[in-house]
Amino acid sequence: MRGTIELAPWAVREGNSRGRLHPEPPPAVRGEFQRDRDRIVHSTAYRRLQYKTQVFVNHEGDLFRTRLTHSLEVAQIARTIARALMLNEDLAEAIALAHDLGHTPFGHAGQEALNACMKGHGGFEHNLQSLRTVDVLEERYGAFDGLNLMFDTREGILKHCPPARARELGDVGARFLQRRQPSLEAQVCNLADEIAYNNHDVDDGLRSGLLELDALRQVELYGRHEAQALAAFPGLSGRRLVHETVRRMIGTQVLDVVAETGRRLADAAPRDVEAVRRAAPLAAFSDAAARAQQALKVFLRDHLYHHWQVRRMTSKARRIVTELFRAFLDDPRLLPPQYEARVQREGPRAIADYVAGMTDRYAIREHRRLFAVGET
Ligand code: MG
């Protein structure tokens, strides 16, 4: 039987969803949101996440997070919170696994470069690109472009959207014009994303040697949980102490979201998901947890994202993305034929799609093929 898991009144369910753009017969044994999750896992864009940067370029080390392992961690955290709040876990998982599908190679440096290249052509934003990937770019089905996902999955993927684009996007853009919230499942995914990257960037930052433990201990969130880990395991040190600290940080943040969201739900008592969409944001950190999280973010920005060795990587990334885009714009005949044909029809947007779809190593190779004499 489908839908046997008990859901809260404020959860998204198949029966209150606006469904798919192209009507399809219901799946035989899965739920509709399971089908969405499965379509995402089988997509080409999803497999590419394996070779896309989170903070460290893919070839810098085998143990650093990639967009794929990041997305899996987001899904894990989102599912835990969703289940505790009796939300639609399949939907939360689908949103989490798809939320970064539109990322360019080389993380935020790549996105900023591509956005600058697309100035005057509608810009580039990874969030909109994630939606574009599942709505248009995936070519897998006979009857439609994209993955034809449920409305609520698409709504959750589109985290931000400027008003001009929102108008073009129809139903899924409407909430940005009406200043409404997405479902709780989508709100939870945003928080799970933050919890995941703050904690794994601490772990990867330490592993890379760019972050120093003495400095990190001054951040209250880290210091407090390291003290707890040491109280439980006196004398613990090295990687085990880092892991015992980080797992406690994740646990504290997850429990905080469950408790604070539970309080807000008890106050607002939304009757259904439409009431959730009309209400102020209901999924949230407590004020104290939000402050602790913010202090960690500032630390990571100053000590990791702005570290000179990371800056070298981001500057290289910017150059690669910009030069690739310009070369293709100057002469679309350098593109593989199917993309060249799309540039004739759709203009620079098709170049942005091609560049955005590249993995880190594909972009590096493509750059070498185009710019290094003697390479083919
Ligand atoms: Mg993310």
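What you see below is based on every heavy atom in this structure, not just the backbone, and it leaves out hydrogens, waters and symmetry mates. Atoms within each ligand, like the ligands themselves, are counted from 1 in listed order.
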Hey, are Arg30 and Asp38 close enough for a salt bridge, meaning a charged N less than 4.0 Å from a carboxylate O?
yes
Nearest 10° is fine: what angle sits at the Mg ion (ligand 1) between OD2 from Asp100 and NE2 from His99?
80°
How about Tyr339 and Asp353: does a side-chain donor come under 3.5 Å of a side-chain acceptor?
no
Do Tyr362 and Phe325 sit in one hydrophobic cluster, given that two such residues count as connected whenever their side-chain heavy atoms are within less than 4.5 Å of each other, even indirectly?
yes
As a test of reading the structure, name the N/O/S atom of Asp193 that is nearest the Mg ion (ligand 1).
OD1
Electrostatic pair Arg342:Glu346 at N-O distance under 4.0 angstrom
yes
Of all the N, O or S atoms in His70, the one nearest to the Mg ion (ligand 1) is NE2
